[in-house]
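In what follows, a structure is listed as structure tokens, so that the remarks can point back to it.
Order of appearance sets the numbers: ligands from 1, and atoms from 1 within every ligand. Because only heavy atoms are used, hydrogens play no part in the values below, and waters and symmetry mates are left out as well, while side chains stay in.
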Amino acid sequence: MSLSEVDFGAMAEVAVSVGVNVQPGQRLVIMAPIEAAPLVRKVAEAAYGAGAKSVRTWFGDDLLQKITLERAPEEGLKEFPAWLADGFAQEAAEGCCFLSVLGSDPDLLAGIPPERTAIATNAAQAAMAPFRNYIMTGQVAWSIISLPTWPWAKRVFPGLPEDEAVDRLWQAIRQASRIEGEDPVASWKAHVAQLQRRADWLNDLEIDRLHYRAKGTDLTVGLPPTHLWAAAGQTNAAGTVYVANIPTEEVFTLPDRSRVDGTVQSTMPLSHSGQVIEGIRLTFKEGRIVSYSADRAAGNLKELIETDEGSHYLGEVALVPVDSPISRSETLFYNTLFDENASCHLAIGRAYPFTLKDAQEVSSDEVFMEKGGNVSLTHVDFMVGAADLDIDAITKGGQSVPIFRSGNWAKPA
Ligand code: ZN
Ligand code: ZN
């Protein structure tokens, strides 16, 4: 099946009505690979149907990005156009909503020296920081959906011919994204409510710290006194409820940046800046990563951790059972949006201020850090969940409560 034959109607509907939740009179900005044009057209139709004022699209091309990283002089890699970064920040300031479409080859940039990729990534992250702030603080509605491109499908289903691999990946995306049923919008609402009940339970426990135990992992993660467990369905500054990731299965909060101790081992490959990193091991002391290694693409892990001071600390703690639909599909997507929703994960780098109960008091990075939050140019999730993972919560009252047993929730929702 070629992408022009795929029926993207249900995906477009969920992206518009559940994901960014386009409001009448609102503008929508879409960032997508050029292969996504058939999907983007469907999204535009759905958005205008929901009353959007305008839909603008910023198309990118992975192979062009690769050529740039191979051929451009270092001076060129360091430049990120200010007008582009300002444009995105302005759209956000004016209350636009933002939809990203993913579909990259997980190993697109294998063979590019990690230092060159890091130069371009850091330049983009620094320039886009004001825009990213709108996203990270949840002031604007944003969402991410996926497209089954051939370069990605080839990695997930090696050995299959193009049509079959793309078709299988599309089926896997549809299943994981919960767009298969009669009324995907209604089933999303039920799913969001169930995740919220998990978050409520964890919030009621008043947890001081979590203790993770699994093969290669013995890690204690302290939580800030005012941490807030969140799940799909955030509310932006205008009061619109949006779902930032399609799919999403996680319940998450932020760690206390200076109270993480012990060792953790990744359980799934991580596709990061165009290369798959495997076998990550990190050791923490008082929150800081004091040693690290990887079995594959160790240079990319190094560039990630050495991005800045904040990338030596954690910014997210997320719980996902191994019996989640994505995990049960036993498909390794080599795409963090999917793989993180098949597994408990942690993130290196910046924390989300909205995962604090007193987020409205966070007026600066300094205040955020005083409350236990972490600040960095980067935020990268890596997977730590597996069928042998046990997690206990130690409450503020000193009680130990089982949260996860053998990779799953210790208690029904
Ligand atoms: Zn997450
Ligand atoms: Zn994350």
Side-chain angles (χ1 to χ4, degrees), residues 19 98 100 102 121 125 128 132-138 142-146 176-177 191-192 195-196 198-199 202 210 212 219 221 223-224 227-234 242-257 260 264 266-273 277 280 282 289 301 304-305 307 310-322 324-327 333-356 359 368 372-386 389 391 403-404 407 409:
F98 298 86
S100 293
L102 303 185
T121 306
Q125 281 172 334
M128 293 291 272
R132 209 171 147 84
N133 190 46
Y134 284 96
I135 300 283
M136 295 293 286
T137 56
W142 57 282
S143 192
I144 310 176
I145 58 171
S146 296
S177 304
H191 176 51
V192 167
L195 289 172
Q196 198 52 57
R198 291 283 185 203
L202 295 170
L210 298 171
Y212 289 64
L219 186 75
V221 180
L223 304 182
H227 74 272
L228 177 70
W229 289 94
Q234 271 103 47
Y242 66 97
V243 173
N245 291 349
I246 307 258
T248 182
E249 302 288 332
E250 63 178 338
V251 178
F252 62 99
T253 189
L254 82 176
D256 188 332
R257 106 186 264 281
V260 181
V264 66
S266 71
T267 50
M268 291 165 88
L270 168 65
S271 175
H272 170 67
S273 64
I277 309 175
I280 299 171
L282 306 174
I289 297 171
L301 179 67
L304 167 62
I305 291 172
T307 303
S311 52
H312 291 76
Y313 293 82
L314 294 182
E316 181 187 329
V317 182
L319 304 177
V320 182
V322 292
S324 86
I326 302 176
S327 177
F333 285 85
Y334 295 98
N335 176 320
T336 304
L337 179 61
F338 289 83
D339 295 334
E340 73 168 335
N341 283 303
S343 170
C344 283
H345 55 273
L346 299 166
I348 286 170
R350 192 171 187 97
Y352 293 104
F354 64 76
T355 50
L356 282 175
F368 188 36
N374 187 36
V375 173
S376 170
L377 281 176
T378 198
H379 173 107
V380 176
D381 297 295
F382 63 99
M383 283 59 77
V384 301
L389 177 63
I391 305 174
I403 301 293
F404 262 60
W409 291 103

Exercise for review: Run the numbers on F338 and S146 for side chain to side chain contact (heavy atoms under 4.5 Å, CB included), then give the verdict.
Suggested key: CA-CA 9 Å; F338 289 83; S146 296; 3.1 Å; yes
Review point. From the Zn ion (ligand 2), how many protein N/O/S atoms are found at a distance short of 2.8 Å?
Key: 4
Practice item. Given side chain to side chain contact (heavy atoms under 4.5 Å, CB included), test L314 with N374 step by step and report yes or no. Key: CA-CA 7 Å; L314 294 182; N374 187 36; over 6 Å; no
Practice item. Could I get the full list of side-chain contact (heavy atoms from CB on, under 4.5 Å) partners for D256, not counting sequence neighbours? Key: P224, S258, R259
Point to revise | For A232, side-chain contact (heavy atoms from CB on, under 4.5 Å) partners two or more places apart | key: V192, L195, V243, T248
Check your understanding: By atom name, which N, O or S atom belonging to E250 lies closest to the Zn ion (ligand 1)?
Key -> OE1
Point to revise | Residues in ring-ring contact (aromatic ring centres under 6.0 Å, His included) contact with F252, at least two apart in sequence or another chain | key: none
**Study point:** Euclidean distance, L102 CG relative to F333 CZ, rounded to 0.5 Å
**Key:** 12.5 Å
